[in-house]
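Below you'll find the structure, written out as structure tokens, and then a few comments.
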2 protein chains.
Amino acid sequence: MTPQPGSAGDVLTLISAGSATTRSDLARLTGLARSTISQRVDALIERGLVEETESGESTGGRPPRQLRLHTEDHAFAGVDLGATHCRVALMDISGNVLAECEDSLLISEGPENVLAHVDQRLDQLLARARRPRGVLRAVGIGVPGPVEFATGRPNNPPIMPGWNDYPVPEYFGGVNVLVDNDVNVMALGEHRNAFPGINHLLFVKVGTGIGCGIVADGKLHRGAQGSAGDIGHIRVSGHEDAGCRCGNSACLEAVAGGAAIARRLTELGLPAETGADVVALVQSGNTQALRLVREAGRLIGEVLASLVNFFNPEVIVIGGALSRVHEHLLAGIRETVYRRSLPLATHHLSITPSRTGIAAAALGAGLLAIEHYLSPDNINRIVNA
Amino acid sequence: MTPQPGSAGDVLTLISAGSATTRSDLARLTGLARSTISQRVDALIERGLVEETESGESTGGRPPRQLRLHTEDHAFAGVDLGATHCRVALMDISGNVLAECEDSLLISEGPENVLAHVDQRLDQLLARARRPRGVLRAVGIGVPGPVEFATGRPNNPPIMPGWNDYPVPEYFGGVNVLVDNDVNVMALGEHRNAFPGINHLLFVKVGTGIGCGIVADGKLHRGAQGSAGDIGHIRVSGHEDAGCRCGNSACLEAVAGGAAIARRLTELGLPAETGADVVALVQSGNTQALRLVREAGRLIGEVLASLVNFFNPEVIVIGGALSRVHEHLLAGIRETVYRRSLPLATHHLSITPSRTGIAAAALGAGLLAIEHYLSPDNINRIVNA
DNA sequence: AGGTCTTTGTTCGATCTTCGGCGGAAGTTG
DNA sequence: CAACTTCCGCCGAAGATCGAACAAAGACCT
């Protein structure tokens, strides 16, 4: 009796992860007989999940037929909804982006309007990629607020008026829809794209506000209420005067977020409103702005130092609008983290800017959808249907 | 084809978790045929892992034969090594304590001496429970310092001279030995014993120092270097003058740990050395001590407030020596956490004293061993051998 | 008390999976 | 171009699982 690794879903997982590209690989990895593997692969091919490509390199004998996910008959979408933008990426089953688009969109216009816009963009992208609507298997959506992941309903989001408890998945009828916090999907995108082998990773988004996506043991940690990673309202010392929109004072976000820096710059006579304005000032070489960004980095670093001791990640990725000036932000963060965290925890810790950049959220949202669809359970359901 | 849940290991897991106590239960839960289940159960009985007890209650038909883990032929031990004590619990396969003992033992005497002592105690406990040494299947050990869990080697532990990189499991020859940080095993013990249904839990140990065990998704989170949960050296605001043994200042442990409180009391003319002295003073009604404990609670609460925002646990358990005066400690902690954490995260959060108490560490260490032994993979290995 | 009903557990043949050897296919190497 | 290697499909054998039939053990009704 085999110890367990053998279902069609497991086989597909190995193919999709790139662990195996041939039938022989699969036999070696699963321990199943070659004939059994062939049978599984046949079933997957018949369902349109896997395809054979040209023969690969010979290693001295008959060259193996390469296997890969069938990219034609399946499409997925990742949707990145921000306070003022909407970015949609259409992806194939391997996670490659087929088409994408971005435009301005106020999330405050409410779920009906926003989701109608998303739906329209989905149609456009599908048309551009010349795929019928029917191949769209699942959609992942990242939204700027807390979500009850299991039901896809926003949970008292502060900047999404009208969205509270709105059943987002129902809007799209049959298609599988997964809704998550934007920082979570960014963390997922960054992890899968740039750090696939890392077990424990933190993705810190520094934009108008500050949030953090947590990858623990390769999976997103959402916490009990789905509010994990909300580090923007952690208190930092020495800033009791800084009031925060949450009602408390000295919140990290209220002293080191893009909006807070912009306000400080305005007070100094340098008009700035958003994180983008701050970035522009820094890039223009303004030393005041530079100093404030670096100081913000120190404050963020102070909080991260605590979290490093607590969570002991292998990698911390800094993303979000302000990471465009990451040299200065990172300098402050690194300085503080390496000073205030324990040596054991920092010894192998690396703190880097996002390698995935602006696309991380849409990508991560799409990957959320793809991984859901490719989960062994779901694949077994499809194959045995 | 069954979607997967069927191996002997899976069946045993259901029995050990209490999810199923009869063959019919197993058939219902796994979806396998009754005859298949009987076959699996027979194999488990033959290997001495499961036993039948008297018939249970009839529900209108033939009463089912009850199944449970076979308690006679298997024993496990949990060892709680502190700086100055050694506690050993001998447990059966269901996690019941068969015999236990505790005595003073300086961990600073080095691994050879300490482990010889443990080994001797194991023999005594086995004799007391009238079991031959051969039934001891696995041993879990909690030690007061960081450990590389995979190898069971202490990793530069500050208060365990001579233990660095010592291969603890090798000392016991054939028996399976799992070594982990003491706070981790306490968290495990508390979780399994008092909060089995909870997914995300923090166990905070307030003793001489301060540490935290993390249960995420029902499993221990150890972090990249196994140093996760080391919250004793998180910085707290407004105490820059308090130097810590780690070389930094304003560490939580340096201002709110038992040793720190004792020192402050001594400065106030109330001689105290250890956390136990502090507890004694509080219990004698000393208001200075009471005030300091409550203030320590506030400082711990400040750190926990950050961690609640970040990790979003369902339960925080307070344990360790100082939790003997938990009313005062908890008052300070709750006060600060509920003030400084986000409502979404605190809404369903409960902060409670340890229900498992002094035995949590030895219990948790034993459970670590038992769960390792009962893991489906290991059971399948045993049954198919 | 005795018959009927319900639920449990076992036995056993039928069916479905998986295994592994064989032979053909498709390359490489000398 | 012959020998070798690796890959892949085919097929009979071995093994696992199922489900029907039957026996066991108690509840329930008359």
Side-chain angles (χ1 to χ4, degrees), chain A residues 1-12 14-15 19-47 50-68 376 379-381 383-385, chain B residues 1-12 14-15 19-47 49-68 376 379-385:
Chain A
M1 203 192 68
T2 54
Q4 273 322 30
S7 71
D10 292 331
V11 168
L12 190 66
L14 289 169
I15 297 175
S19 314
T21 60
T22 71
R23 290 173 173 80
S24 307
D25 286 351
L26 290 167
R28 262 190 299 277
L29 287 167
T30 60
L32 273 68
R34 290 182 304 282
S35 48
T36 308
I37 290 295
S38 274
Q39 183 179 302
R40 292 282 147 71
V41 171
D42 286 349
L44 290 169
I45 289 177
E46 193 160 338
R47 294 283 168 176
V50 167
E51 64 181 348
E52 287 184 337
T53 65
E54 293 309 297
S55 293
E57 288 295 292
S58 162
T59 58
R62 171 174 173 174
R65 274 180 271 172
Q66 301 285 117
L67 302 172
R68 70 169 176 208
I379 292 299
N380 287 336
R381 221 176 35 69
V383 171
N384 297 329
Chain B
M1 201 193 68
T2 54
Q4 275 317 31
S7 71
D10 293 332
V11 168
L12 190 65
L14 289 169
I15 297 175
S19 314
T21 60
T22 71
R23 290 173 173 79
S24 306
D25 286 350
L26 290 167
R28 262 189 299 276
L29 286 168
T30 59
L32 274 68
R34 286 207 307 285
S35 48
T36 309
I37 290 295
S38 273
Q39 183 179 302
R40 292 282 148 71
V41 172
D42 286 349
L44 290 169
I45 290 176
E46 193 160 338
R47 294 283 167 175
L49 289 160
V50 166
E51 63 182 347
E52 286 184 336
T53 65
E54 293 309 297
S55 294
E57 288 295 292
S58 163
T59 58
R62 171 175 173 173
R65 274 182 268 172
Q66 302 284 116
L67 302 171
R68 69 170 178 205
I379 293 299
N380 287 337
R381 222 177 35 70
I382 294 172
V383 171
N384 298 330

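Here the structure is a predicted model, which means the values were calculated and not measured. Quick note on labels: first sequence line is chain A, next is B, and so on, each numbered from 1.
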If you find the nucleotide of DNA chain D closest to A:G60 and the one closest to B:G61, which residue's nucleotide is nearer the 5' end?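 So the residue in question is A:G60.
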
Euclidean distance, atom [atom1] of residue [X] to atom [atom2] of [N] [Å, nearest integer]:
X: B:L26; N: C:dT7; atom1: CG; atom2: P; result: 18 Å
X: A:L32; N: D:dC8; atom1: CG; atom2: C1'; result: 16 Å
X: B:I37; N: D:dG19; atom1: CD1; atom2: C1'; result: 14 Å
X: A:R40; N: D:dG9; atom1: CZ; atom2: P; result: 15 Å

For the atom pair [atom1] ([X]) and [atom2] ([Y]), what is the distance rounded to the nearest 0.5 Å?
X: B:L44; Y: B:L12; atom1: CG; atom2: CG; answer: 5.5 Å
X: B:I37; Y: B:R34; atom1: CD1; atom2: CZ; answer: 11.0 Å
X: B:L32; Y: B:Q39; atom1: CG; atom2: CD; answer: 10.0 Å
X: A:T22; Y: A:Q66; atom1: OG1; atom2: CD; answer: 7.0 Å
X: A:N384; Y: A:R47; atom1: CG; atom2: CZ; answer: 8.0 Å

### Message
Does C:dT18 have its OP1 or OP2 closer than 4.0 Å to a side-chain nitrogen or oxygen of A:Q39?
### Response
yes

Once base and sugar-phosphate atoms are separated, protein heavy atoms under 4.0 Å mark nucleotides 9-15 of chain C, 5' to 3', with B, S and - as BBB----

### Task
Decide side chain to side chain contact (heavy atoms under 4.5 Å, CB included) for B:L67 and B:L26; before the verdict, give the C-alpha distance in whole Å, the side-chain angles of both, and the deciding distance to 0.1 Å.
CA-CA 10 Å; B:L67 302 171; B:L26 290 167; 4.0 Å; yes

Of A:A33 and B:R28, the one whose nearest nucleotide on DNA chain C sits closer to the 5' end is B:R28

